[in-house]
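Chain identifiers are assigned alphabetically (A, B, ...) following the order of the sequence lines, protein sequences preceding nucleic acid strands; residue numbering begins at 1 within each chain.
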Protein chains: 2
Amino acid sequence: MARTQGSHSGITGPRVRKAALTLFARHGYAAVSMRQIARDVGVQAGALYNYTPDKQSLLFDLMKTHMDELLASRAALAAPPSPAAALESFTRMHIRFHSERPDAVFIAYMELRNLSPENFAAIEALRRVYEDQLEEILRAGVISGDFTVADPKVTTMAVIAMLTGVNTWFREGGRLSLEEVEQIYWDMVRKAVGA
Amino acid sequence: MARTQGSHSGITGPRVRKAALTLFARHGYAAVSMRQIARDVGVQAGALYNYTPDKQSLLFDLMKTHMDELLASRAALAAPPSPAAALESFTRMHIRFHSERPDAVFIAYMELRNLSPENFAAIEALRRVYEDQLEEILRAGVISGDFTVADPKVTTMAVIAMLTGVNTWFREGGRLSLEEVEQIYWDMVRKAVGA
DNA sequence: AGGCTATCTGAACATACGTTCCTTTAAAAC
DNA sequence: GTTTTAAAGGAACGTATGTTCAGATAGCCT
């Protein structure tokens with residue numbers, strides 16, 4: 001008994017990714033074996049290599065996809081008429097985007113240590129792009145007089161940390177709706193930068 | 001050749017903890033073997049069991065110690081005369097305390113997944129105590145009219161995330177001194193809660 | 001139906017892991 | 001000096017890992 005009936009790379013491939021995403025997020029990359037992933041998918045471990053060259057590539061692919069999608073989501077924002085509007089737009093997009101994919105977010109922040117040096121450099125570069133985009137907004141706000149920010153770079157790190165922290169506690173169907181969370185956080189961010 | 005000359009549990013014990021702390025923080029608990037820790041210490045892996053019952057206990061101990069020290073640090077704060085002063089005191093203490101032990105902080109946030117269920121529950125309870133303390137400050141500020149906070153619990157999570165995020169980028173001897181970082185963050189926190 | 005491609009199984013390889021425990025050596029106690 | 005305790009070495013145990021690859025089966029195309 002070798003090939004499973006009904007198997008098709010278009011089906012198994014995404015299943016491998018999904019299983020890896022879920023397991024890596026829950027247990028951590030290093031703690032999850034390829035056999036575990038395979039079991040979740042319903043194949044033997046050797047079959048995974050039809051879909052990924054190796055374990056590290058699987059992780060990198062997940063993390064790269066996440067960052068690419070994040071940057072695309074940000075790029076899809078309409079050009080806001082003012083720095084304050086841009087900041088609000090960014091804030092809401094960040095919370096909404098991340099809330100839709102808790103596992104991917106978790107991995108994106110928790111598994112940097114498990115990337116090979118080259119992969120780490122690639123992901124880090126993408127993260128830097130994202131951070132720089134927020135910093136640009138803050139700088140524009142300072143120049144326009146909309147914001148009172150002592151240090152745009154530090155403020156960028158603070159805001160991103162705050163926003164990303166939503167992922168550690170927010171759950172759909174909880175006490176607060178996503179819209180409420182967005183509003184509360186936007187209110188805090190706005191005030192924190194003096195807008 | 002069995003016992004190493006000059007060996008003494010008072011020396012080796014702390015070395016084991018220190019090596020584990022450093023290695024877990026850098027590579028992650030699951031990715032670090034006991035042989036690796038032993039190598040760092042300069043003993044064989046079997047010797048580690050003179051100092052810890054097992055690998056999980058080593059991790060738990062590090063994380064528990066961190067939380068105990070954090071709560072002690074917070075308890076040592078003088079009773080502030082007002083909610084605003086309490087919040088400032090908390091903010092500065094959080095940043096200072098965490099900046100002094102980056103590895104322990106990293107582990108405290110990144111290795112929750114690798115705790116056994118009972119250990120996780122114990123650490124989580126301690127984290128909840130700390131969060132509750134900040135939430136109390138915010139609630140007191142709302143009651144006294146010092147703060148304008150829509151949701152103290154959510155604000156608590158936002159502030160802690162922001163403050164803890166300092167650990168991902170702050171380095172002694174960098175562009176900013178710790179005092180400057182404290183001041184910038186306190187300013188943001190103060191404004192974010194409308195104080 | 002036959003041939004080719006796709007997709008898996010399952011065994012194996014080389015290596016590694018957490019832990020135990022007997023033996024050895026060093027240090028402390030008497 | 002002798003005995004007891006301390007602290008290590010080192011081997012082994014039972015198990016696990018990432019990966020490869022030959023062979024087996026399924027699906028597609030002619």
Side-chain angles (χ1 to χ4, degrees), chain A residues 1-21 23-24 26-63 107 111 113-119, chain B residues 1-21 23-24 26-63 107 111 113-119:
Chain A
M1 203 247 284
R3 180 172 178 170
T4 304
Q5 294 190 359
S7 62
H8 187 269
S9 66
I11 296 177
T12 312
R15 274 195 184 148
V16 170
R17 289 175 58 93
K18 177 61 185 159
L21 186 72
L23 290 168
F24 287 164
R26 178 176 308 167
H27 304 291
Y29 172 80
V32 174
S33 68
M34 298 298 268
R35 286 174 176 80
Q36 214 170 346
I37 297 173
R39 219 163 17 243
D40 256 31
V41 176
V43 299
Q44 297 295 311
L48 299 186
Y49 296 87
N50 286 319
Y51 304 99
T52 181
D54 51 42
K55 193 180 179 187
Q56 170 70 196
S57 301
L58 194 50
L59 177 66
F60 177 69
D61 194 51
L62 293 175
M63 293 174 80
I107 287 169
E111 301 296 347
R113 283 178 301 180
N114 284 306
L115 290 174
S116 64
E118 336 59 78
N119 287 343
Chain B
M1 204 250 284
R3 179 172 178 168
T4 303
Q5 295 190 2
S7 62
H8 185 269
S9 63
I11 295 176
T12 311
R15 276 195 182 149
V16 170
R17 290 176 58 93
K18 177 61 187 157
L21 186 74
L23 289 168
F24 287 163
R26 179 175 309 168
H27 304 290
Y29 172 79
V32 173
S33 69
M34 298 297 270
R35 286 173 175 83
Q36 214 171 345
I37 297 173
R39 218 161 19 241
D40 257 30
V41 175
V43 298
Q44 298 296 311
L48 298 185
Y49 296 87
N50 287 319
Y51 304 97
T52 180
D54 51 40
K55 192 181 180 187
Q56 169 72 199
S57 301
L58 194 50
L59 176 66
F60 177 69
D61 194 51
L62 293 174
M63 293 173 81
I107 288 169
E111 300 296 346
R113 284 178 300 178
N114 283 306
L115 289 175
S116 64
E118 343 49 85
N119 287 343

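- Bounding nucleotides for the chain B contact on DNA chain C, 5' to 3', at a heavy-atom distance below 4.0 Å, are C:dC17 to C:dA27.
- The two residues B:L115 and B:Q56 come nearest to each other via the heavy atoms CA-OE1, 3.2 Å.
- With hydrogens and angles disregarded, a donor-acceptor distance shorter than 3.5 Å links the side chain of A:S7 to the backbone of A:T4.
- In this structure the side chain of B:F24 reaches within 4.5 angstrom of the side chain of B:K55, judged on heavy atoms.
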Under 3.5 Å donor-acceptor pairs involving side-chain atoms of residues 35-51 of chain B, not counting sequence neighbours:
from  : atom 1 : to    : atom 2 : distance (Å)
B:Q36 : OE1    : B:S33 : N      : 3.3
B:N50 : ND2    : B:A47 : O      : 3.4

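- Dashed line: the shortest gap from a side-chain N or O of B:Y51 to OP1 or OP2 of D:dA8 is under 4.0 Å.
- A heavy-atom distance below 4.5 Å is not found between the side chains of A:H8 and A:T12.
- Listed by chain and number, the residues in a side-chain contact (heavy atoms from CB on, under 4.5 Å) with A:R113 are B:F106, B:M110, B:E111 (sequence neighbours excluded).
- Atoms CG (A:N50) and P (D:dG18) sit 17 Å apart, rounded to a whole Å.
- Residue A:G6 comes nearest to A:I11 through the heavy atom pair O-CD1, 4.3 Å, listed as atom of the first residue, atom of the second, then distance.
- Sorted by residue number, the members of residues 3-10 of chain A with any non-hydrogen atom under 4.0 Å from DNA chain C read A:R3, A:T4, A:S7, A:H8, A:S9.
- The distance from atom CD of A:Q56 to atom C1' of D:dT19 is 15 Å, rounded to the nearest whole Å.
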Scan nucleotides 10-12 of chain D against the protein and return all N/O pairs shorter than 3.5 Å with their distances rounded to 0.1 Å.
from   : atom 1 : to    : atom 2 : distance (Å)
D:dA12 : N6     : B:R35 : NH2    : 3.4

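- Within 4.0 Å (heavy atoms only), A:V32 reaches sugar-phosphate atoms of the nucleic acid but no base atom.
- Qualifying side chain to side chain donor-acceptor pair (under 3.5 Å) partners for B:S57, counting only residues two or more places apart in sequence or in other chains: B:D54.
- With sequence neighbours excluded, no residue satisfies salt bridge (charged side-chain N to carboxylate O under 4.0 Å, His left out) with B:R3.
- Note: OH (A:Y49) to P (D:dA22) measures 17 Å, nearest angstrom.
- Minimum heavy-atom separation, B:L23 to B:V32: O-CG2, 3.4 Å.
- By the side chain to side chain donor-acceptor pair (under 3.5 Å) test, A:Q5 pairs with no residue at all, sequence neighbours left out.
- If you measure from atom CD of A:Q36 to atom P of D:dT15, you get 18 Å, rounded to the nearest angstrom.
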